[in-house]
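First up is the structure itself, then whatever we jot down about it.
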2 protein chains.
Amino acid sequence: MRLARRLRAERGDHGLTLSQLSVLATLHRHGAMTSGELAAHERVQPPSMTRTVANLVADGLLERKDNPEDRRQVLLRLTKAGTELLASDRARREAWLTCRMSEITADERQTLARAAVILDRLAGS
Amino acid sequence: MRLARRLRAERGDHGLTLSQLSVLATLHRHGAMTSGELAAHERVQPPSMTRTVANLVADGLLERKDNPEDRRQVLLRLTKAGTELLASDRARREAWLTCRMSEITADERQTLARAAVILDRLAGS
DNA sequence: ATTTTTAGTTAGCAAAGGTAATGAGTTATG
DNA sequence: CATAACTCATTACCTTTGCTAACTAAAAAT
C-alpha cells in the first residue's frame with residue numbers, strides 16, 4: 001500500500017492517473033480492442049472502463065471506431081498524441097527506475113527481475 | 001496495476017478498503033499515534049487521513065483520545081472490534097496467500113521473500 | 001501581549017471503483 | 001419470420017480516496 005502510494009507520487013508531469021496510463025499501455029502492447037476486452041484485461045467492471053475511456057478520448061489520447069461487423073462494440077485505439085505521451089512517460093519512468101536501480105546491487109536487481117516474472121504469473125497475465 | 005487490482009478483488013467479506021485496512025494494520029504494528037503521524041506514515045495528506053479515520057471511528061474500529069499535553073492532537077488507537085477484524089482479515093489473507101504459495105516452488109518463494117525486503121527498503125520504510 | 005507556527009479539520013474538486021437499470025444490436029428459438 | 005434471450009456499452013447514482021485552499025484552536029516564539 002505504502003509502496004503503491006510512493007509510486008503514485010512519482011506520476012508527475014503529464015497529469016494522468018495510473019489507471020489511465022495502464023489503459024494506454026495495454027492498448028499499446030496488445031493493439032486496438034473493445035471497451036469490454038479492455039475492462040476484462042484491467043480487471044475492472046465495464047462501466048468503470050467506459051468512464052476512464054471517455055476521459056482519455058476527451059483528452060485526445062484515444063479514439064473510438066465503430067465496428068461495422070458488430071455495431072454494439074466500439075474499438076479503442078491510441079491516437080498519435082496518446083502514443084507519444086506513453087513514450088515520454090516510459091522514458092521518464094525508466095529514468096526514475098534507473099536511478100533506483102543504481103541504489104541496489106546487481107544481485108538484488110536479478111532477484112527483483114525474477115520476482116517480477118513470478119508475480120506476473122500469479123496475477124494471471 | 002493489474003496485480004494490485006487482483007489483490008483488491010481479494011478483499012472480500014468485511015467491506016473495508018485497502019486504505020482503511022492499511023490504517024488499522026499500521027496502528028496495530030506501531031501502536032497508537034496521532035492523525036498527522038498516521039498521514040505521514042501512509043504517505044497521504046492530513047485531510048485525507050482525517051476522513052479515513054472518521055469513517056473508521058464511525059464504524060467503531062478506531063477510537064479517538066485527546067492528548068492532555070497538547071490539546072491540538074488526537075491520539076488514535078484500535079478498538080477491540082478493530083483488532084478482531086484485523087486478525088480475521090489477516091487469517092483470511094494468509095489462507096489465500098498460502099494457497100498461492102502452494103502454486104510455486106520453494107525456490108520461487110525465496111525469491112519473492114528477498115524481493116520484498118529490497119522493495120521495502122526502496123519504499124523507504 | 002502579540003505574532004507565528006503547528007495540528008487537525010472543513011469545504012469543495014476530480015478520479016476510480018462499484019451496482020442497477022437501459023438501449024441497441026445480435027443470436028437463438030418457436 | 002417474429003419474438004425471446006442474450007450481449008455490449010452506456011447512463012445514473014453512490015462511496016471512497018486522493019488533492020488543495022481556507023479556517024480554527026492550541027502551542028511556541030518574539
Side-chain angles (χ1 to χ4, degrees), chain A residues 1-24 26 32-59 61-77, chain B residues 1-24 26 32-59 61-77:
Chain A
M1 200 68 211
R2 297 176 58 212
L3 177 60
R5 290 216 180 84
R6 176 60 181 278
L7 285 169
R8 188 192 51 221
E10 280 298 324
R11 215 175 62 239
D13 59 354
H14 49 50
L16 289 193
T17 66
L18 270 184
S19 292
Q20 294 175 327
L21 223 38
S22 182
V23 166
L24 297 186
T26 296
M33 60 177 80
T34 69
S35 184
E37 288 168 337
L38 213 38
H41 193 272
E42 300 287 314
R43 296 189 204 283
V44 148
Q45 293 302 311
S48 303
M49 189 48 70
T50 291
R51 204 170 6 139
T52 299
V53 161
N55 280 341
L56 290 170
V57 170
D59 289 349
L61 302 175
L62 287 190
E63 60 189 4
R64 315 167 53 102
K65 179 158 168 32
D66 289 348
N67 179 355
E69 285 158 24
D70 184 340
R71 279 155 43 211
R72 290 169 303 182
Q73 298 184 344
V74 195
L75 278 175
L76 280 334
R77 67 178 173 201
Chain B
M1 201 67 210
R2 298 175 58 214
L3 177 60
R5 291 218 180 82
R6 176 60 179 277
L7 285 170
R8 188 191 51 219
E10 282 300 324
R11 212 175 65 238
D13 59 355
H14 48 52
L16 289 193
T17 66
L18 270 184
S19 294
Q20 295 174 327
L21 222 39
S22 183
V23 166
L24 297 186
T26 296
M33 60 177 81
T34 69
S35 185
E37 288 168 338
L38 212 38
H41 194 272
E42 300 288 312
R43 296 187 202 285
V44 148
Q45 294 302 311
S48 303
M49 189 49 69
T50 290
R51 210 176 2 165
T52 299
V53 160
N55 279 343
L56 290 171
V57 169
D59 290 350
L61 302 174
L62 288 191
E63 61 188 5
R64 315 167 53 103
K65 179 157 167 34
D66 290 348
N67 180 354
E69 285 159 27
D70 183 341
R71 278 156 44 212
R72 290 169 304 181
Q73 296 184 346
V74 196
L75 275 175
L76 301 167
R77 67 177 172 203

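Side-chain atoms are counted along with the backbone in the values below, which use heavy atoms only and exclude waters and symmetry mates. Each chain gets a letter, A, B and so on, in the order its sequence line appears, and its residues count up from 1.
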Just the table, please: protein N/O against nucleotides 10-16 of chain D N/O, every pair under 3.5 Å.
residue: D/dT10; atom: OP1; partner: A/Arg64; partner atom: NH1; Å: 2.9
residue: D/dT10; atom: OP1; partner: A/Arg64; partner atom: NH2; Å: 2.3
residue: D/dT10; atom: OP2; partner: A/Thr50; partner atom: OG1; Å: 3.0

For nucleotides 23-27 of chain D, give me every protein contact, N/O to N/O, under 3.5 Å, one pair per line with atom names.
residue: D/dA27; atom: OP1; partner: B/Arg71; partner atom: N; Å: 3.0

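Remark: side-chain polar atoms of A/Ser22 are not paired, donor with acceptor, to backbone N or O of A/Leu18 under 3.5 angstrom.
Among all heavy-atom pairs drawn from B/Thr26 and B/His41, the shortest one is CG2-ND1, 3.5 Å.
If you measure from atom CZ of A/Arg43 to atom C1' of C/dG18, you get 17 Å, rounded to the nearest angstrom. Computed from coordinates, the A/Leu75 CG to D/dC8 P distance equals 13 Å when rounded to whole Å. Going from atom CD of A/Glu37 over to atom C1' of D/dT7 covers 13 Å, rounded to whole Å. Straight-line distance from the CD atom of B/Glu42 to the C1' atom of D/dC19: 17 Å, rounded to whole Å. A/Leu56 places its CG atom 11 Å from the P atom of C/dA15, with the value rounded to the nearest Å. The distance between atom CG of B/Leu38 and atom C1' of C/dA7, rounded to the nearest whole Å, is 14 Å.
The OG atom of A/Ser35 lies 12.0 Å from the CZ atom of A/Arg51; values are rounded to the nearest 0.5 Å. Separation of atoms CG (A/Asp59) and CD (A/Gln20) is listed at 6.5 Å; rounding is to 0.5 Å. A distance of 11.5 Å separates CZ of A/Arg64 from CG of A/Leu56, quoted to the nearest 0.5 Å.
Looking at heavy atoms from C-beta onward, A/Val44 lies out of side-chain contact with A/Leu38 at the 4.5 angstrom threshold. Here the side chains of A/Asn55 and A/Leu61 are not in contact, with every heavy-atom distance at 4.5 Å or above.
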Which atom pairs, one a donor and one an acceptor, fall under 3.5 Å between side chains of residues 66-77 of chain B and the rest of the protein, sequence neighbours left out?
residue: B/Asn67; atom: OD1; partner: B/Glu69; partner atom: N; Å: 2.9
residue: B/Asn67; atom: ND2; partner: B/Gln73; partner atom: OE1; Å: 3.3
residue: B/Asp70; atom: OD1; partner: B/Arg72; partner atom: N; Å: 3.0
residue: B/Asp70; atom: OD1; partner: B/Arg72; partner atom: NE; Å: 3.1
residue: B/Asp70; atom: OD2; partner: B/Arg72; partner atom: NH2; Å: 2.9
residue: B/Arg77; atom: NE; partner: B/Glu63; partner atom: OE2; Å: 2.8
residue: B/Arg77; atom: NH2; partner: B/Glu63; partner atom: OE2; Å: 3.2

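Considering only the side chain of A/Gln45, C/dT19 comes nearest among C/dG17, C/dT19, D/dT17.
Of the side-chain N and O atoms in A/Thr34, none sit less than 4.0 angstrom from OP1 or OP2 of D/dC8. Taking 4.0 angstrom as the limit, A/Ser48 places none of its side-chain polar atoms (N or O) nearer than this to OP1 or OP2 of C/dA16.
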